[in-house]
There are 2 protein chains.
Amino acid sequence: MIDQRLQVLRVLAEVGTLTEAAHRLGYTPSAVSHQLRSLSKDLGLTILEQRGRGLALTRVGQLLLERAQELFTRWEEIRGELAEADAGSPMRQRRLRLCGFSTAAATLLPPTAEKVNELFPDSHVTIIEAEPEECFELLVTEQADIAVVVATDPLPPRSDVRFEQNALVSDRLDLLVRSDHRLATRSAVSLNEAAEESWILDRPGSPYHRLVRTACAAAGFFPENAHQSREWETGAALVSAGLGVALIPRLARLPEGYDVARVPLRGDPVPSRKILTGVRSGSAGQPIIAAALTILHEVAASVAQRDAAASAE
Amino acid sequence: MIDQRLQVLRVLAEVGTLTEAAHRLGYTPSAVSHQLRSLSKDLGLTILEQRGRGLALTRVGQLLLERAQELFTRWEEIRGELAEADAGSPMRQRRLRLCGFSTAAATLLPPTAEKVNELFPDSHVTIIEAEPEECFELLVTEQADIAVVVATDPLPPRSDVRFEQNALVSDRLDLLVRSDHRLATRSAVSLNEAAEESWILDRPGSPYHRLVRTACAAAGFFPENAHQSREWETGAALVSAGLGVALIPRLARLPEGYDVARVPLRGDPVPSRKILTGVRSGSAGQPIIAAALTILHEVAASVAQRDAAASAE
DNA sequence: ATCGATCATGCAATATTATTGCACGATCGA
DNA sequence: TCGATCGTGCAATAATATTGCATGATCGAT
């Protein structure tokens, strides 16, 4: 509804080079160059200037982006108002696209989609698995309506006016050990009891690597990084093989067949990762989005409940 | 910047049929049909419904139009802010399009254009002569930036949120008589002194016809409609031929060679027509538009001044 | 009731607009 | 100084919007 070239300009402002912006948007540099040139011409403003090899926004370009955000937000609000006024219509918005990182996509999103479908019988709910950073890009390009992400460093800050972000659930971390490990039968352990273990972490630099190191640091030790795994299942396999211990979020499900035990951690605060929801600013007023957010919180609460019960057995 | 299909929807809302809307916009009905269909689909809303042979907006469609106006207005304001911030740039907005009805286009607009060109040496000022109703259409479709119109019935009301309208000048009406007429040498007459004359009016139903009849009614008589003329020059020719008298606005210039005299009218209020300026809501903040409006008022004042001096001679 | 005029719509053909692919000159880091 | 990376412009191409026309529906007048 509002000129999409402004989104292109925004991406350029983020990445600093036209080539990279084009790559992110799935266009060629030529196309982006032409789009921004025509935008500048239509506006009669100098919005870009060459800075070294790349392009930077002028002051006016930045101002344009700031002000444009107001329009985007307001438009989302209007959409909500319209959707509400159009409740009974046969044409009403019945498409909802949820995106989330792997665990969320596997655990939280399917039950949410199911319940939304019950509440809106003629709705089409789509689930998109994507990395957290990608999720926000999907929101802004209108390819997704709700994002479920882990709160980690490189994400847009909570204060980013383009999004409304809210805490969804605090996903506790469990210690993953082999069944015959000295801690395997404990009902709960504190993290520093595993200080001397060999640790299986994600690759250095990854958000989860940082998360685990931060948790260990808070517990007073530095984990020995014996092995690196990207996927929970790989980590479980390594633990199962007796190569070390790992931290795994409660929501992450593991396949059967690994010789491992999850031991709940205790502590204050309990080591956990924070899971957030994100929507486009202003869009939370749209009935189906509002409903889905509510349901998402219920699902998250009930999953957390179920897991608490399970771990108490 | 904001989806142009909303303007199409607005025109449809005004005229009630898709065919007429298409005609006004210079498109074929097919094109408009497809545009509105795609708009409705993109929005997921039912914005139109068949009403008899034509189309009418649903409640949601009307709401959409109302809310969209807010975006249009805000965008114009932002443009102003941006233009101000970009004052020194080589790319800055230097195009200004003025539109007005014939007298304005001939009398007020040229000196305004000239002065704007002096103030903004690299500007391109365009003058468009158009009927008052057409002027507002030009504003809304971004084909003109400032409209100068006569305040008459079928125009958008001053309260129309799409425009900001302001009084520019009150254009006094003079009595036009043949040189040998009994009133020709008077320095001023009151309108009812000409109550018994044969009158040359515009065609019944036209705004100027109504204006003159209203002025006469206020003076306490009904003019005998002896002849009808559309153009000032025709009226002058008829007066010159001794066929009657007419009212002619002070700003309207007449060619040499007619055997006529202008006699100023007195009265309270003095019979006159009101001339207004109109701009798109929010756009008055753009530097070149703001400057042009100021200049337009100066020009109008000085023209009124000059005419007052001339008639006092 | 019936007929002709007016209307919105859909489809294939066409015109318009956006995008690509590639060559060029500029800038930066080694 | 060289090689890599970058933005730009142009012609070719892909995508999109618009037209022209045929169809079925609605309305007013006979």
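All chains are named by letter (A, B, ...) in the order of the sequence lines, taking the proteins before the strands, and each is independently numbered beginning at 1.
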How long is the line joining [atom1] of [X] and [atom2] of [N], in whole Å?
| X | N | atom1 | atom2 | value |
| --- | --- | --- | --- | --- |
| Leu18(B) | dT6(C) | CG | C1' | 13 Å |
| Glu49(A) | dG7(D) | CD | C1' | 14 Å |
| Lys41(A) | dT8(D) | NZ | P | 16 Å |
| Gln50(B) | dT6(C) | CD | C1' | 13 Å |
| Tyr27(B) | dC7(C) | OH | P | 20 Å |
| Leu25(B) | dT19(D) | CG | C1' | 16 Å |
| Arg5(A) | dT19(C) | CZ | P | 10 Å |
| His34(B) | dC7(C) | NE2 | C1' | 19 Å |

With side chains defined as the heavy atoms from C-beta onward, is the minimum distance between Ile47(B) and Leu57(B) less than 4.5 Å?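 No, side chains not in contact.
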CG on Leu64(A) to CD1 on Ile78(B), rounded to 0.5 Å: 8.0 Å
What's the separation between atom CD in Glu20(A) and atom CG in Leu25(A), rounded to the nearest 0.5 Å? 9.5 Å
Under 3.5 Å, is there a donor on one side chain and an acceptor on the other for Arg59(A) and Gln62(A)? no
Within the side chain of [X], is there an N or O that forms a donor-acceptor pair under 3.5 Å with the backbone of [Y]?
| X | Y | result |
| --- | --- | --- |
| Thr214(B) | Arg210(B) | yes |
| Thr277(A) | Val148(A) | no |
| Arg37(B) | Val32(B) | no |

Quick check on [N]: is either OP1 or OP2 less than 4.0 Å from any side-chain nitrogen or oxygen of [X]?
| X | N | value |
| --- | --- | --- |
| Ser33(A) | dG9(D) | no |
| Ser30(B) | dG10(C) | no |
| Arg37(A) | dG9(D) | yes |
| Gln35(B) | dT18(D) | yes |

Check the interface with nucleotides 1-5 of chain D: list each N/O to N/O pair with the protein under 3.5 Å, or write none.
none

When you match Ala31(A) and Arg51(A) each to their closest nucleotide on DNA chain C, which lands nearer the 5' end?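 In this pair, the answer is Ala31(A).
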